[in-house]
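Encoded as structure tokens, the structure appears first; notes follow it.
Note that these values count all heavy atoms, side chains included, but never hydrogens, waters or copies made by symmetry.
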Amino acid sequence: MNAPAGFQRFVEVFFDGAIIDRYLPDLLSAMVTTLWLGAIIIVTGVAVGLVLACLRSLQVWWLTVSIVMFADILRALPPLVLILIFYFGLPGLGVMMSGPLVLFIVLAAVLAAFCEEIFWAGLTALPRGQWEAGRATGMSFAQTLISVALPQAVRMGVPSLVNRSLAITKMTALGSVIGVKEVLAVSSSAQAMSGSATPLTMAAAAYLAIFLPAVIFARWLERRFSWKV
Amino acid sequence: MAQTPMLEITALEKRFGTVEVLRSINLKVGRGELVFVIGPSGSGKSTMLRCCNRLEEPTSGSIFIDGRNIVNCPAAELNRLRLQTGMVFQGFHLYPHMSVVRNVMLAQIKALKRNKVTARTRAMDMLDRVGLAHKADAMPSELSGGQQQRVAIARALALNPKVMLFDEPTSALDPELVGSVLKVMKDLRAEGMTMLVVSHEMAFAREAADRVVFMDGGVVVEQGPPEAIFGNPQHDRTRAFLSRVSHHAGAE
């Protein structure tokens with residue numbers, strides 16, 4: 001096999017123009033699905049994680065125990081297991097949820113578990129004097145938490161938060177096993193139908209189109225929020 | 001004294017578990033008085049100071065600020081009572097994520113419910129008073145230790161406290177920066193602020209204090225005007241401490 005023929009073969013397998021034309025509309029709508037799923041998972045997961053870390057800072061024993069159990073269990077389990085249990089197990093109890101809803105609940109909960117730990121680590125790393133300065137100037141616990149402690153805890157956590165959010169958002173690909181029409185599901189069914197690997201290349205390109213800008217944005221965010229103490 | 005003292009500590013006890021840190025402390029600070037507390041480390045002087053705004057919970061006893069007992073007051077009221085005492089820490093504890101002026105504004109807005117314009121005006125006045133109005137927009141990390149401590153003093157003053165509590169305010173500073181902080185404290189005294197100061201600055205105590213209190217082992221051993229405590233201490237423990245401190249100072 002000479003070089004030009006080999007190259008042509010490579011292009012046919014991975015970059016077949018006709019296949020691209022046929023499946024591009026499907027893939028674009030799948031990208032939209034992946035994007036909005038990722039967006040609401042990040043917003044919900046980070047927000048819930050923040051609220052859980054705040055509740056944990058109240059140091060009420062039963063709240064702390066529940067939050068730690070939630071965080072540890074969700075961080076220990078592979079998300080795919082939870083997705084399968086929710087999608088195929090819960091209907092046995094009469095709880096029916098659509099694929100996107102299951103994907104959203106499971107991934108947002110997993111992200112919340114990680115975010116809670118990240119925010120909590122930031123809160124505990126804060127010098128006690130910061131709390132004392134707030135309380136000594138007559139601010140309440142909640143005011144000190146919100147104005148003094150959390151902004152610093154969030155900044156400390158930004159690199160981990162960004163990494164974890166990206167990792168969780170990529171897991172929307174797990175939706176392909178429960179029929180969510182996101183990028184991987186659409187492209188692998190196109191691959192099965194057409195017998196061509198080109199839809200998978202398109203999937204890779206789609207993920208790059210989504211996540212490369214996200215990674216670059218993340219870098220900017222990390223620089224923006226790092227500051228000298 | 002005809003008037004009630006601004007700060008009055010009676011029969012104050014503090015235990016951490018079984019360790020007695022403070023035993024039957026009685027201390028009065030009159031209006032406009034500058035009272036200095038000296039003593040070896042571990043004598044309980046910082047703990048006593050921190051009881052005065054309940055950063056430490058007293059085990060028993062009473063602490064009156066302007067005639068009002070702050071021990072056993074409910075938590076909701078505690079936040080309001082703490083506004084009456086301005087606390088200055090050894091480690092400054094400025095908020096690193098806020099500019100200098102916002103450090104001084106924060107509690108005014110949150111605890112005193114002042115609006116932003118009023119709070120900013122007051123903050124600028126206080127920064128001017130400690131000589132740092134030109135640093136209003138700097139971040140705390142851009143300031144020297146002495147400047148940070150003066151901002152911390154401005155932050156406390158902005159809330160119109162009745163008493164200022166200083167917990168070793170110059171101990172974390174390089175020697176050449178101590179003077180600027182002490183000058184601010186001297187100005188405050190001239191303006192009639194009531195102050196309770198825990199510090200090792202003996203020369204400053206001699207010069208500026210109305211009264212010096214010597215603590216050791218969780219009790220007040222003796223107190224009196226600075227010339228009496230430094231010139232003619234009545235107790236062996238006071239004499240031993242003062243000679244240790246002066247030897248130490250002489251060696252530097």
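Applying a 4.5 Å heavy-atom cutoff, none of the residues of residues 38-45 of chain A approach chain B. Near-neighbour residues of residues 109-138 of chain A relative to chain B, defined by a heavy atom under 4.5 Å from a heavy atom of that chain, comprise A/Arg128, A/Gly129, A/Gln130, A/Glu132, A/Ala133, A/Gly134, A/Arg135, A/Ala136, A/Thr137, A/Gly138. By a heavy-atom distance cut of under 4.5 Å, not one residue of residues 161-172 of chain B is near chain A. Against chain A, the residues from residues 46-59 of chain B that qualify, each with a non-hydrogen atom under 4.5 angstrom away, are B/Arg50, B/Asn53, B/Leu55 in number order.
Counting non-hydrogen atoms of neighbouring residues, nucleotides and ligands closer than 6.0 angstrom, the CZ atom of A/Arg219 reaches no more than 12 such neighbours. Environment of CG in B/Asn72: sparse, with no more than 12 heavy atoms of neighbouring residues, nucleotides or ligands closer than 6.0 Å.
The line from OG of A/Ser140 to CZ of B/Arg82 is 10.5 Å long, rounded to the nearest 0.5 Å. To the nearest 0.5 Å, atoms CG (B/Asn79) and CD (A/Gln143) are separated by 7.0 Å.
Shortest non-hydrogen contact noted between A/Pro151 and B/His97 is CB-CD2, 3.5 Å.
Contacts of B/Phe89 with chain A are made by side-chain atoms alone, with heavy-atom separations under 4.5 Å and no backbone atom involved.
Side-chain contact between A/Ile146 and B/Lys110: absent, with no pair of heavy atoms (C-beta onward) separated by less than 4.5 Å.
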